[in-house]
Amino acid sequence: MEKGVTMTSVQVEEQYDGNEAAAGADASGDNEGYQRGLGARQIQMIAIGGAIGTGLFLGAGKAIHKAGPSLILAYAIAGLVIFFIMRALGELLMYRPVSGSFSEYAREFVGPFFGFVTGWTYWLFWVVTGITEVTAAAQYMQYWTHGSVPQWAYALIFTVILYGANLISVKLFGELEFWFSMVKVTAIIGMILICAGILTIGFSDAGDTASVSHLWDNGGFFPNGIGNTLMTLQIVMFAFLAVELVGVTAGESKDPKKTLPKAINTVPWRIAVFYVGALIMILSVVPWTHFQPGVSPFVAAFEKMGLGIGAAIVNFVVLTAALSSCNSGMYSTGRMLRDLALNGQGPKFFTKLTKNGLPLVGTTASAALMLVGVWINYQWPGEAFNYVVSFATISGMWAWIMILVSQINYRRKADRGILPQSTFRAPGAPYTSWFALAFIGMVIVMMGVDKDARISLYCAPIWAAILCVSYLVLKSRNPEAAAFKKRVHGGPAAEDGASLTKD
């Protein structure tokens, strides 16, 4: 095998020569055609910015209204789970860094059907998330225009602009994301510093009333009960969706073996500062009872402080955050569709790249579907964000489930010497991975209890049925293809349904 060339799971099977360790160790680089245009600083900021989007800037308003100060604890616990997920992903990435990482690992360690489902579901997640983000961006624009321009018109404009930006080069994408993330990080840190100044010096209209006692004085730390705090978990988990995006960049990172572990290890302090720290400061300066669903808590906080210009600035920042996340969605969907096509689990025309190494066809198809968001904003401008958040959450969490299950199965093989050990082992695994799976299961149960989020659970079986039929049709057309055979490590490819853990 030529060193520096990443192989898909199908290519790994086709070139299997009995030396599994060598196959895993040499599988680095990227699928032929991609360009390694993402440097270390860009990967770091993509990792940081991926966790800062509408889930924090817009969705937190509804969560604060429902849970009060206890939302801080919800973010802290969920953040720990996210760290376990990211370290599991990091272990897999260092075993074999590939651009279509989630579906690749599911295909290799769980089975070809699960790889198929994961790839298409993650693609759908980013399409739905793109709709979510342009919806949020359109809502933010109403802050300045006050309804003089229809919300759907902004959604259309933003979708077209971001689509165009994704047709230039991966290096430009990385640079745009670097500065988008820099704006978001600077804004949150600035907000924290301003709140700290109000608490200590007492300036602004909120100076006389600001106090950390707001965290427990207005009905206690759990003012609406622990049950309502649990009900916010789907909003909390939605806020963390996209942290796994660094896995998609593996094939276009200049040095994935060094940059990806560093980016993943920033997860704890990212969550501690940008979520837990920011919420502690905001809820100390402005009582939680002042926040309302659908209104950014950052904008509302500045308005309560009497800093009108600050609210306008923050609104611009959260607008940037939404557009950044949608931009990332267009980036990832094209790569995921190409990975599926390369493995024979998607139309072949998705494999085509431009001379700049960009998956034009996949990106175009995804952007076209994101235009559904324009229609949603036209039909239900007031409820558009809530309609798509719950479905984005359930589809995004599927990728996390597959990351965890794949890591558990990989670790089992590696510990038995069947596969090489990763150079970036997840601490506490597999126990931490099982804990994370149990937590995700609890979130799904809470979504079933919540009438507003339940619609996503109704949609999930329909999507699953579509995928099952599609998979069976593709397999019937080419039953002997490696894409539809399960890999048994330590031996030749086995028919779909064979035991993954067979030694």
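Both backbone and side-chain heavy atoms feed into the values below; hydrogens, waters and symmetry mates do not. Note that this is a predicted model, so its numbers are computed, not measured.
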Show your working on side chain to side chain contact (heavy atoms under 4.5 Å, CB included) between Met330 and Met370 and close with a plain yes or no. CA-CA 9 Å; Met330 288 195 181; Met370 287 181 188; 3.7 Å; yes

With rounding to the nearest 0.5 angstrom, report the [atom1] to [atom2] distance, [X] to [Y].
X	Y	atom1	atom2	answer
Ser395	Leu124	OG	CG	5.5 Å
Phe102	Asp339	CZ	CG	10.5 Å
Met94	Ser422	CE	OG	7.0 Å
Ser284	His214	OG	NE2	8.0 Å
Asn265	Arg270	CG	CZ	9.5 Å
Leu233	Phe439	CG	CZ	5.0 Å

Test of understanding: with salt bridge (charged side-chain N to carboxylate O under 4.0 Å, His left out), list the residues that count as partners of Arg87, not counting sequence neighbours. none

I need the minimum non-hydrogen distance between [X] and [Y], along with the two atoms involved.
X	Y	value
Phe158	Ala138	CE1-N, 4.2 Å
Ala301	Phe291	N-CE2, 4.2 Å
Ala74	Thr232	CB-OG1, 4.4 Å
Val212	Trp216	O-CZ3, 3.4 Å
Leu283	Gly68	CD1-O, 4.4 Å
Leu323	Ala137	CD2-CB, 3.9 Å

Would you say the side chain of [Y] lies within less than 4.5 Å of the side chain of [X], judging by non-hydrogen atoms?
X	Y	result
Thr363	Leu358	no
Lys66	Met231	yes
Leu156	Thr159	no
Met237	Ile82	yes
Tyr154	Thr145	yes
Thr333	Phe125	no
Ser366	Leu337	yes
Trp120	Trp463	yes

Tell me which donor-acceptor pairs under 3.5 Å the side chains of residues 189-201 have, and how far apart each pair is, sequence neighbours excluded?
residue : atom : partner : partner atom : Å
Thr200  : OG1  : Ala196  : O            : 2.8
Thr200  : OG1  : Gly197  : O            : 3.4

Give a yes or no on whether the ring-centroid distance for Tyr95 and Tyr410 is below 6.0 angstrom. yes

Are the aromatic rings of Tyr275 and Phe240 close, with centres under 6.0 Å apart? yes

Going through the distances and angles, do Tyr122 and Met336 end up as a side chain to side chain contact (heavy atoms under 4.5 Å, CB included)? CA-CA 8 Å; Tyr122 194 67; Met336 195 58 64; 3.4 Å; yes

Would you confirm whether Gln142, through its side chain, and Val149, through its main-chain N or O, come within 3.5 Å as a donor-acceptor pair? yes

State which residues pass side-chain hydrogen bond (donor to acceptor under 3.5 Å, both in side chains) with Trp288; sequence neighbours excluded, sorted by chain then number. none

Checking Thr229 now: which residues fulfil side-chain hydrogen bond (donor to acceptor under 3.5 Å, both in side chains) with it, not counting sequence neighbours? Ser70

Under 3.5 Å, side-chain donor or acceptor atoms of residues 397-405 against the rest of the protein: list the pairs with distances, not counting sequence neighbours.
residue : atom : partner : partner atom : Å
Trp398  : NE1  : Thr118  : OG1          : 3.2
Trp400  : NE1  : Glu244  : OE1          : 3.0

Just do the side chain to side chain contact (heavy atoms under 4.5 Å, CB included) check on Trp126 and Ile131 with the steps written out, would you? CA-CA 8 Å; Trp126 270 115; Ile131 294 172; over 6 Å; no

Would you say Phe316 has more than 12 foreign heavy atoms packed within less than 6.0 Å of its CZ? no

Can you give each donor-acceptor pair under 3.5 Å made by side-chain atoms of residues 424-432, sequence neighbours left out, with the distance rounded to 0.1 Å?
residue : atom : partner : partner atom : Å
Arg425  : NH1  : Gln421  : OE1          : 2.4
Thr432  : OG1  : Pro427  : O            : 3.4
Thr432  : OG1  : Ala429  : N            : 3.4

Between Thr364 and Tyr163, do the side chains contain a donor N or O and an acceptor N or O under 3.5 Å apart? yes

Can a donor-acceptor pair be found between the side chains of Asn218 and Thr289 at a distance below 3.5 Å? no

Pair Gln234, Met446 - check side chain to side chain contact (heavy atoms under 4.5 Å, CB included), show working. CA-CA 8 Å; Gln234 70 110 353; Met446 292 297 102; over 6 Å; no

